[in-house]
Protein chains: 2
Amino acid sequence: MSHQTEADRVLRSLDRTCPEHDPDVLRSVLDRVGDKWSLILIGLLEKEPMRFTELLRTAPGISRRMLTLTLRSLERDGLVRREIYPEVPPRVEYEVTPFGRTLTEPVLVLARWAADNQDTIRANRHAFDVAAGHNTDDLD
Amino acid sequence: MSHQTEADRVLRSLDRTCPEHDPDVLRSVLDRVGDKWSLILIGLLEKEPMRFTELLRTAPGISRRMLTLTLRSLERDGLVRREIYPEVPPRVEYEVTPFGRTLTEPVLVLARWAADNQDTIRANRHAFDVAAGHNTDDLD
DNA sequence: CGGCATCCTGTACGATACTG
DNA sequence: CAGTATCGTACAGGATGCCG
């Protein structure tokens, strides 16, 4: 019987060699896109290039500071490109790079899951909260 | 010319009705899976049910506190189920629910992207840092 | 063993004022 | 317009101890 467990252990360690099950790889992508604004900005820019202030207005609630920081880090990773037009009122446009666009599909898959299941999650949470909250006054 | 822009504006607002481009929906899924441990735990549990201490050992670097909190919130959302075996040494097992398994595919898509592109990102970062760091002493 | 309560730190993020 | 610099806060998350 414990041989069974032993076999499982081997199988699992093999499985671990598959990159998409490697916790570290998973962490790295989450560190990249798991922050508050990166995916929002990519989502907006994926449709069309936009200027700094335009993004500031379009992204609901972002601060100038976070817009700057997030754009810089996206640019650093090569997901977004910064285009400077040396005009009298300075103009800067941001656009998603081809590499950045490769991120779009995976993100859309996740977003679609979210869209499809947000109701279920809300219901589950409510049920859980009810069950936990008042096992004090619902009997009889 | 500005008519073109006007048309774009309309198209964009239509696009906005598509749930996977709605920033709010995007945020909700990130709030759910964007934290440090949720996807790791689901990844582990998706292979086989595990006990609390087992998870503590298997997930690299998680603290008891975060394991408890993360498992609770996953349970609350119906992604993970908690099974209690009333034995002499208390035993509790966690398993991914069918609903939780629907998350697996989207996550794997993202994980695969991460695995495929981590080298590119590393290279991009390095290039960016070099370019930014020393435009001080590399001319001539 | 499983897990909550407490304390503490790092940091992500926002608000605001200033610059080119 | 497109940022940078500075400050303050809220919260994620780690360490630890106690308890059933």
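So you know, we letter chains A, B, ... as the sequences are listed, proteins then strands, and number each from 1. Side-chain atoms are counted along with the backbone in the values below, which use heavy atoms only and exclude waters and symmetry mates.
- The nucleotide whose nearest atom lies closest to any side-chain atom of Pro90(B) is, among dG13(D), dG20(D), dG3(C), dG20(D).
- Between the C1' atom of dC1(D) and the CD atom of Glu83(A) lies a distance of 17 Å, rounded to the nearest Å.
- A heavy-atom distance below 4.5 Å is found between the side chains of Leu26(B) and Val107(A).
- Residues passing the ring-ring contact (aromatic ring centres under 6.0 Å, His included) test with Phe128(B): none are found, sequence neighbours excluded.
- Within the nucleic acid shown, Tyr85(A) has no heavy atom closer than 4.0 Å to any nucleic acid atom.
- A heavy atom closer than 4.0 Å to some atom of DNA chain C occurs in Gly61(A), Ser63(A), Arg64(A), Arg65(A), Met66(A), these being the qualifying members of residues 60-71 of chain A.
- At a threshold of 4.0 angstrom between heavy atoms, the contacts of Pro89(B) with the nucleic acid are absent.
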Donor-acceptor contacts under 3.5 Å from residues 82-92 of chain A side chains, at least two apart:
from     : atom 1 : to       : atom 2 : distance (Å)
Arg82(A) : NE     : Tyr94(A) : OH     : 3.2
Glu87(A) : OE2    : Arg91(A) : NH1    : 2.7

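- Residues Ile42(A) and Val109(B) do not share a hydrophobic cluster, clusters being chains of Ile/Leu/Val/Met/Phe/Trp/Tyr side chains in contact below 4.5 Å.
- Thr97(A) places a side-chain N or O within 3.5 Å of a backbone atom of Gly78(A) that can act as its donor or acceptor partner.
- Side-chain atoms of Lys36(B) lie closest to dG14(D) of the nucleotides dA2(D), dT4(D), dG14(D).
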Evaluate Asp35(B) against Ser38(B) for side-chain hydrogen bond (donor to acceptor under 3.5 Å, both in side chains), listing each step before the verdict.
CA-CA 6 Å; Asp35(B) 70 304; Ser38(B) 289; 2.7 Å; yes
